[in-house]
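For reference, positions follow the sequence shown, starting with 1.
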Amino acid sequence: MTIEDYNKGVDAWADDAYRFARSCSSDDNICRDAVQEAFAKLWERRGKVPKERGKAYLLSTIHNYLASRFRYDQLRAAGEAGAEGRVEPDTAFELRDAIAQAFQSLPPIQRECLQLRDVEGYAYKEISSILSLSEDQVSVYIFRARVALRKKLIDYKI
């Protein structure tokens, strides 16, 4: 990757990178730190990363940063325990808020897989590469996330 490729990548991938970080964390400052750290690592390794893999490398770095920052093992345990609760319909919330609330209540790994697949449009193989999982694990996490969302949003008749 050349300096010109890196600069084009910053322009092209910054929004996607932030959106991915935001799907993994609700703390805006942590999201900004993750994206900045990822771009800094990409800059340091620009000579070793092919330009075709730049975005995947960036998203992988964000994932790894957030994993170490949040100690995903503790969050998964807390997320699994909280995943049993349903989103209750409340007239004060619009449907979009209910979906966002249900999405945020998913365990982090399920949320990341679902974000990359349904929002960002990545293939299962690309997601497995980004998150260092097998394709089977990715499909299981996506399936479980969709089932959990369906259960939480059933009262909205979506």
Side-chain heavy-atom pair [X], [Y] within 4.5 angstrom cut-off:
X    : Y    : result
L116 : L59  : yes
L133 : Y141 : yes
V138 : L131 : no

Closest non-hydrogen atom pair between [X] and [Y], with its separation:
X    : Y    : answer
L114 : A145 : CD2-CB, 4.0 Å
K125 : S128 : O-OG, 2.7 Å
C31  : A21  : SG-O, 3.4 Å
Y6   : F39  : OH-O, 3.0 Å
L106 : A148 : CD2-CB, 3.6 Å
S60  : I130 : OG-O, 2.8 Å

What residues form a side-chain contact (heavy atoms from CB on, under 4.5 Å) with [X], not counting sequence neighbours?
X    : answer
T61  : A38, K41, Y57
S129 : R53
D28  : Y18, R22, R32
F143 : V147

Distance (rounded to the nearest 0.5 Å) between F20 CZ and R111 CZ: 10.0 Å
Okay, side chain of [X], backbone of [Y]: is any donor-acceptor separation there less than 3.5 Å?
X    : Y    : value
Y124 : R117 : no
R46  : I3   : no
Q137 : S134 : yes

Members besides V119 in its Ile/Leu/Val/Met/Phe/Trp/Tyr cluster (side-chain heavy atoms under 4.5 Å): none
Residue pairs fulfilling salt bridge (Lys or Arg N to Asp or Glu O under 4.0 Å) with at least one residue in residues 135-148, sequence neighbours excluded: D118-R146
Sequence neighbours excluded, every pair satisfying salt bridge (Lys or Arg N to Asp or Glu O under 4.0 Å) that has a member inside residues 59-68: none
Salt bridge (charged side-chain N to carboxylate O under 4.0 Å, His left out) partners of D16, counting only residues at least two apart: R19, K55
side-chain contact (heavy atoms from CB on, under 4.5 Å) between L58 and H63, worked out: CA-CA 9 Å; L58 188 69; H63 167 74; over 6 Å; no
Check against side-chain contact (heavy atoms from CB on, under 4.5 Å), D33 and Y65: CA-CA 9 Å; D33 289 346; Y65 177 87; 3.5 Å; yes
Test log, rule side-chain contact (heavy atoms from CB on, under 4.5 Å), inputs L42 and W13: CA-CA 12 Å; L42 182 60; W13 305 327; 4.0 Å; yes
Partner set under side chain to side chain donor-acceptor pair (under 3.5 Å) for K8, not counting sequence neighbours: E4
